Amino acid sequence: MFFTSTRSKCSIQSAEAIAKGLASDGGLFVPQEFPQFSSEDIDRMTAMDYRGRAVEVLSRYLTDFTADEIRKCVDAAYTGKFDNEEPAPLVEAAENMFMLELWHGPTCAFKDMALQLLPHLLTASVAKTSSGRTTVILVATSGDTGKAALDGFADVPGTRIIVFYPQNGVSAMQKLQMTTQQGNNVAVCAINGNFDNAQTGVKNIFSDKEMAAKLDAHAMDFSSANSINFGRLVPQIVYYVSSYCDLLKSGKLKSGDKFNVVVPTGNFGNILAAVYAKKMGIPIKTFICASNRNNVLTDFINTGVYDRNREFFTTTSPSMDILISSNLERLLYLLSDCDCEKVAALMEELKTSGKYSIPQEVLSVLQQEFYGNCACDEEAASAICELFEKNGYLCDTHTAVAVSVYNKYVAETGDRTPSVIASTASPYKFSPAVLSALTGKECSGDEFAVVEELSRLTSTDIPAPLAGLAGKSVLHKTCVEKEDMAQFISDFLGV
């Protein structure tokens, strides 16, 4: 298995792609072909646990890793880290609606599914490609990636990790998770700006030759824990493959039956992983892309025009408050018949004018598989309340966006195909918004008092990792302007 860039032709194996994170031309690494699962492979995986399925998927892409290396990475990531040793349970929340619960890990968000595994993949990759050097992980986060990356990389030998987040663009619980993070190799810094500012700043630093020279002089290299890194993306493919196996195992689907996938997304990585799963032979019918009020992806799917020149909104689903969807570039590469020159031109157009459009014939291909819609905060709140009152199922604000959009899809199309909704976070990470949705009253005051009230009202348990934050000391208090991110990095690394 070889990988190339979305913006120019190259041919490297997985270890180099994971170690680098981002191609030198600014493009994203993509597989040159997609491995295929036979019906016999699916039958075999259906009988396996999650770890076994993960090994099967990873071994198809990471062909420069030994079987023993892959097994060790998977076991280290998914043993003793997730509730009941089930990383991604599938729960039937309503008729034909299955919640793929991706938040049972140490930070209570779906990012754990990849970021418990990535440190092991990355350190193994660096050992293969540039032994003896320190890897500096740069992360821009809209909330969940930051803590999940910090938890995964804290005190991992040979690494240092720096996380930037928007000062007023994450929930109080998300901020507390990051700013209380311990570890001798970690730094957390807020910026005055939004997630797109943080993400653009990180990308610019990646391509800064002067900064790269400084790091090289100290035997350091940048890499990424964001979903631009293929090592972040490949573990996400696993849980869509696993959800299909679970539907087969429970008898909800028969072999070959199609199902829909509903994903609340801003950066497009989580839904792209489902696209890759389909490319491998998983029978997904429709990709239902759910956006919040920052509906740049909805407009793109419906019109073929991607335009980030619009007002940015801070919502109750902050992890989706994004206007520059990095992983969409990988889908554009597929839609363009793997024409890296076309993709490079589109990305340059986005950089210079803030927008681009795709031809009508390409849009028609996109719309054959994708449905895009959005839900505002009020619609998400209604979805939380209705799902809990009717079905006794409590979800967070991001999952609620997906539920609302799924309901719109069913109303518009009449399609009752069984659908898997990616449930991306514990409701307790966004307790004020969830409690407000259930009571119809504004929630304010102490975060943990709100958490306790939500637990009492719903008779659900507070996740231990969140309950354990009460009383923890804030260790990271720095906030910088977006123009000063590079200086913060230099100061932290001493370069």
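Just so it is clear, the model here is predicted, and its values are computed rather than measured.
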Quick note, salt bridge (charged side-chain N to carboxylate O under 4.0 Å, His left out) partners involving residues 453-470, not counting sequence neighbours, are E453-R456
If we count only N and O atoms by modelled type, under 3.5 Å, do the side chains of [X] and [Y] hold a donor and an acceptor together?
X    : Y    : result
Q236 : S227 : no
N327 : R330 : yes
N267 : Q199 : yes
T6   : E329 : yes

Partner of N192 under side-chain hydrogen bond (donor to acceptor under 3.5 Å, both in side chains), picked from E481, K482, Q167, is E481
Sole candidate of D144, T145, N270 that passes side-chain hydrogen bond (donor to acceptor under 3.5 Å, both in side chains) when paired with K111: T145
With sequence neighbours left out, what residues match [X] under salt bridge (charged side-chain N to carboxylate O under 4.0 Å, His left out)?
X    : result
E452 : none
R44  : D41, E56
E447 : none

Step through the shown structure and confirm whether more than 12 heavy atoms of other residues, nucleotides or ligands are within 6.0 Å of [atom1] on [X].
X    : atom1 : value
Q182 : CD    : no
Q36  : CD    : yes
D446 : CG    : yes
K81  : NZ    : yes
E442 : CD    : no
K203 : NZ    : yes

Can you check whether [Y]'s main-chain N or O pairs, donor with acceptor, with [X]'s side chain at less than 3.5 Å?
X    : Y    : answer
T397 : A380 : no
N294 : L323 : no
D299 : V296 : no
N229 : S224 : yes
N84  : E86  : no
N96  : R416 : yes
T46  : I42  : yes
S357 : V305 : no
Q181 : M178 : no
S336 : C338 : no

Quick one: [atom1] on [X] to [atom2] on [Y], what's the gap to the nearest 0.5 Å?
X    : Y    : atom1 : atom2 : value
L233 : I228 : CG    : CD1   : 11.5 Å
T141 : Q174 : OG1   : CD    : 7.0 Å
L102 : S426 : CG    : OG    : 12.5 Å
L297 : M320 : CG    : CE    : 8.5 Å
T417 : I284 : OG1   : CD1   : 12.5 Å
F300 : Y356 : CZ    : OH    : 4.5 Å

Could you tell me if the side chain of [Y] sits less than 4.5 Å from the side chain of [X], heavy atoms only?
X    : Y    : result
Y240 : V263 : yes
L115 : R232 : yes
P235 : M113 : no
M485 : N204 : no

Verdict with supporting geometry, T107 and D151, side-chain hydrogen bond (donor to acceptor under 3.5 Å, both in side chains): CA-CA 8 Å; T107 76; D151 188 86; over 6 Å; no
Test log, rule side chain to side chain contact (heavy atoms under 4.5 Å, CB included), inputs C385 and E389: CA-CA 6 Å; C385 187; E389 289 183 350; 3.3 Å; yes
List the residues meeting side-chain contact (heavy atoms from CB on, under 4.5 Å) with [X], not counting sequence neighbours, and say none if there are none.
X    : value
P35  : M1, R60, Y61, M280
S353 : E349, K355
D396 : H398, T399, T424, A425, P427, F430
T286 : N260, I288, Y371, Y409

Taking it one step at a time, do V139 and N226 satisfy side chain to side chain contact (heavy atoms under 4.5 Å, CB included)? CA-CA 6 Å; V139 178; N226 285 94; 3.8 Å; yes
Walk me through it: do V474 and L176 pass the test side chain to side chain contact (heavy atoms under 4.5 Å, CB included)? CA-CA 7 Å; V474 172; L176 193 60; 4.3 Å; yes
Partners of [X] by ring-ring contact (aromatic ring centres under 6.0 Å, His included), sequence neighbours excluded?
X    : result
F164 : F488
Y276 : F34
F110 : none
Y78  : Y50, F82

Side chain to side chain contact (heavy atoms under 4.5 Å, CB included) between Q177 and L150, worked out: CA-CA 9 Å; Q177 282 186 300; L150 290 164; over 6 Å; no
Considering all heavy atoms of both residues, which atom of S142 and which atom of I322 are nearest to each other, and what is their separation? OG-CD1, 4.0 Å
Show the nearest heavy-atom pair for residues V401 and N292, with the distance to one decimal. CG1-N, 4.1 Å
Between D377 and R293, does any NZ, NE, NH1 or NH2 come within less than 4.0 Å of an OD or OE carboxylate oxygen? no
